[in-house]
Amino acid sequence: MAVSERDRHELYRKLEGALGKEPADTMMALLPPVGWADVATKDDLRNLEERLILRMENLESRMDAMESRLVGRMEADLGRVNQRMLKLALAVNIPTILGTAALVLAAARLG
């Protein structure tokens with residue numbers, strides 16, 4: 001049976017008439033503001049906690065997997081960047097080294 005606000009008010013008026021205002025206020029304060037079917041029990045809270053823990057563990061597992069994939073991709077990209085930088089360094093430095101060697105040889109012939 002659902003208890004309406006009208007029912008609660010009627011109960012309060014009768015309590016107030018029988019016991020007085022302060023005891024009626026105290027009694028109404030002890031009653032839940034809604035029907036008992038809407039009040040969560042300790043079992044409800046335990047079940048909710050278990051479901052939340054499972055969801056958080058699942059989320060943590062998925063995040064770990066995503067992190068592993070991301071680290072793998074970053075390592076692969078870093079390897080490609082390192083290879084390109086090495087090729088670029090060689091492409092820039094070999095002509096410089098050859099040019100310097102040619103100058104040294106030319107200077108040795110002149111000297």
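Just the heavy atoms: all of them, side chains too, but no hydrogens, waters or symmetry mates, feed the values below. Residue numbers start at 1 and run along the sequence shown.
- Every residue meeting the side chain to side chain contact (heavy atoms under 4.5 Å, CB included) condition with Arg80, not counting sequence neighbours, appears here in chain and number order: Ala76, Asp77.
- Residues satisfying the side chain to side chain donor-acceptor pair (under 3.5 Å) criterion with Thr41, sequence neighbours excluded, are Asp44.
- For Arg46, the salt bridge (Lys or Arg N to Asp or Glu O under 4.0 Å) partners two or more places apart in sequence, or in a different chain, are Asp43.
- Screening residues 83-108 for side-chain hydrogen bond (donor to acceptor under 3.5 Å, both in side chains) gives no qualifying pairs among residues at least two apart or on separate chains.
- Within the 4.5 Å cutoff, the side chain of Arg109 has no heavy atoms near those of the Leu105 side chain.
- Other residues sharing the hydrophobic cluster of Leu45, ordered by chain and number and joined by side-chain separations under 4.5 Å: none, the residue standing alone.
- Side-chain contact between Leu11 and Asp7 is absent, with no heavy atoms from C-beta onward closer than 4.5 Å.
- Leu103 meets the side chain to side chain contact (heavy atoms under 4.5 Å, CB included) test with no other residue; sequence neighbours excluded.
- Heavy atoms only, all atoms of each residue included: Gly20 and Pro23 are closest at O-CD, 3.5 Å.
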N/O donor-acceptor pairs under 3.5 Å from side chains in residues 55-73, not counting sequence neighbours:
{"from": "Ser68", "atom 1": "OG", "to": "Asp64", "atom 2": "O", "distance (Å)": "3.1"}

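- Among residue pairs with one or both ends in residues 16-25, those qualifying as side-chain hydrogen bond (donor to acceptor under 3.5 Å, both in side chains) are Tyr12-Asp25, Lys21-Asp25; sequence neighbours excluded.
- Taking a 4.5 Å side-chain heavy-atom cut-off between Ile, Leu, Val, Met, Phe, Trp and Tyr, the cluster of Leu98 extends to Leu86, Leu90, Ile94.
- Applying the 4.5 Å side-chain rule to ILVMFWY residues, one finds Leu52 in the same cluster as Leu48.
- Leu54 shares a hydrophobic cluster with no other residue; no ILVMFWY side chain has heavy atoms under 4.5 Å from its own.
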